[in-house]
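The structure presented is a predicted model; accordingly, all values stated were derived computationally and were not measured. Side-chain atoms are counted along with the backbone in the values below, which use heavy atoms only and exclude waters and symmetry mates.
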Amino acid sequence: MCNLTGKKALVTGSTQGIGLEIAKTLSNAGATVFIHGASSIEKCKNACEGIKNSYPICANLCQIESVEKLYKETGDIDILVLNASIQYKRKWDEFTLEEFDAQLNCNFKASYFLMKKYAPKMKENGWGRIITIGSVNQYNQHPELSLYGATKAAQMKLVENIAPDLAPFGVTVNNVAPGAIETPRNDKALSDLEFKKKVIGSIPAGYIGSPCDIAPYILFLCSDSGKYITGTDLIIDGGMHL
């Protein structure tokens with residue numbers, strides 16, 4: 001039931017970490033996958049190595065014109081996984097205008113316009129999957145991630161509003177919210193053993209997750225097995241949000 005043969009998928013922010021694992025998983029299930037990065041086509045090409053039926057694509061999602069660029073390169077798709085995001089750690093009153101705009105544009109504005117661009121053909125085909133990748137910070141209060149958490153919460157509200165509109169056309173829209181995950185983004189912070197111990201202490205399951213803990217559930221939501229799930233938020237965090 002998780003066979004995606006014949007389906008085309010775009011996974012934004014998929015040159016490393018959770019996005020790369022999602023791309024691999026969808027490809028292994030038979031999908032053709034576009035692997036996206038923000039600035040380096042070489043990095044995108046490197047990420048494609050070893051992933052069958054994958055194609056590199058580079059576009060900066062902080063710039064709204066990148067939506068059209070992506071569409072021109074991918075054409076219509078069946079699966080849209082919105083994983084790309086920008087995260088700056090600052091106290092709430094220390095963000096610059098540029099940092100504010102970058103997070104808002106990449107994490108929220110791009111999600112809206114990518115959904116708007118790709119959804120019409122999904123509706124016409126009577127089948128489609130849109131998945132946004134949120135964060136435990138939608139729920140938890142973090143002294144340095146106020147804007148990041150706000151953009152993820154806003155993205156989730158988009159999911160809740162768009163899902164009922166697309167559901168009659170066989171298109172599902174869901175959010176997956178990971179907790180603390182071992183990814184390149186978190187390498188520096190987690191290299192501090194005291195900080196890592198503190199993070200683990202905040203997770204009831206008692207350990208930090210990996211991208212492999214996330215990707216199988218994206219596959220499930222993308223498959224026909226997940227066709228009756230829409231407008232939901234799947235929290236995968238070992239209980240951290242509690």
Side-chain angles (χ1 to χ4, degrees), residues 1-5 7-38 43-56 78-85 87 129-140 148 152 155-156 172 174-191 193 195-226 229 232-242:
M1 292 296 287
C2 289
N3 188 343
L4 299 180
T5 300
K7 303 299 185 184
K8 289 172 63 179
L10 167 62
V11 183
T12 66
S14 49
T15 60
Q16 62 183 26
I18 293 173
L20 180 58
E21 190 63 31
I22 292 170
K24 290 178 181 177
T25 301
L26 298 184
S27 171
N28 288 339
T32 296
V33 181
F34 291 95
I35 292 182
H36 161 262
K43 188 174 182 180
C44 298
K45 290 177 180 178
N46 290 339
C48 286
E49 292 183 5
I51 303 178
K52 59 186 179 181
N53 298 321
S54 65
Y55 299 90
D78 306 288
I79 297 166
L80 175 63
V81 181
L82 296 165
N83 172 73
S85 68
Q87 180 188 97
R129 300 289 186 266
I130 299 173
I131 300 173
T132 57
I133 304 300
S135 169
V136 68
N137 291 292
Q138 295 166 219
Y139 303 97
N140 290 355
Y148 179 76
K152 293 299 186 177
Q155 183 177 250
M156 180 60 215
T172 66
N174 292 291
N175 186 73
V176 171
I181 305 294
E182 295 267 13
T183 65
R185 169 179 282 179
N186 294 326
D187 280 349
K188 183 177 179 180
L190 295 178
S191 66
L193 296 183
F195 176 76
K196 185 174 184 178
K197 183 178 179 181
K198 182 178 179 181
V199 171
I200 292 173
S202 71
I203 304 171
Y207 64 94
I208 294 170
S210 76
C212 293
D213 293 314
I214 308 300
Y217 298 96
I218 306 298
L219 174 60
F220 175 78
L221 291 173
C222 288
S223 72
D224 284 337
S225 296
I229 303 172
T232 196
D233 185 22
L234 177 58
I235 307 169
I236 308 175
D237 70 345
M240 189 178 188
H241 72 287
L242 302 172

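- Of all heavy-atom pairs between N175 and I133, the closest is OD1-C, 4.0 Å.
- Between Q155 and S85, every side-chain heavy-atom pair lies at or beyond the 4.5 Å cut-off.
- Of the residues listed (I51, N46, V11), the one engaging I35 in a side-chain contact (heavy atoms from CB on, under 4.5 Å) is I51, and it is the only one.
- A distance of 8.0 Å separates CG of D213 from CD1 of I236, quoted to the nearest 0.5 Å.
- No option in I131, T172, I130 other than I131 meets the side-chain contact (heavy atoms from CB on, under 4.5 Å) test with L221.
- In this structure, CG on L10 lies 7.5 Å from CG on L82, to the nearest 0.5 angstrom.
- If you take CZ on F220 and SG on C2, they are separated by 7.0 Å, rounding to the nearest 0.5 Å.
- Considering all non-hydrogen atoms of both residues, P178 and D237 come closest at C-CB, 4.4 Å.
- Between the side chain of N83 and the backbone N or O of G13, at least one donor-acceptor pair lies under 3.5 Å.
- A distance-only check finds a donor-acceptor pair linking the side chain of S223 to the backbone of S225 [under 3.5 Å].
- Between the CD1 atom of I22 and the CD1 atom of I218 there is a distance of 4.5 Å, given to the nearest 0.5 Å.
- Of the inter-residue distances, the one linking M240 atom CE with I200 atom CD1 reads 10.5 Å to the nearest 0.5 angstrom.
- Shown here for G134 and K152, the closest heavy-atom pair between the two residues is CA-CD, 3.8 Å.
- Between the CZ atom of R129 and the CG atom of D224 there is a distance of 6.0 Å, given to the nearest 0.5 Å.
- Using modelled atom types and a 3.5 Å distance limit, the side chains of N137 and Q87 yield no donor-acceptor pair.
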Review point. Run the side-chain contact (heavy atoms from CB on, under 4.5 Å) check on N140 and H241 step by step: do they pass?
Key: CA-CA 6 Å; N140 290 355; H241 72 287; 4.1 Å; yes
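- Of all heavy-atom pairs between I79 and K7, the closest is CD1-CB, 4.2 Å.
- Taking every heavy atom of both residues into account, L4 and C222 meet most closely at CD2-O, 3.7 Å.
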Listing, residues 23-33 side-chain donor-acceptor contacts under 3.5 Å, not counting sequence neighbours, or none:
residue, atom, partner, partner atom, Å
T25, OG1, E21, O, 2.8
S27, OG, K52, O, 2.6
N28, ND2, K24, O, 3.3

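- The two residues L20 and T15 come nearest to each other via the heavy atoms CD2-O, 3.8 Å.
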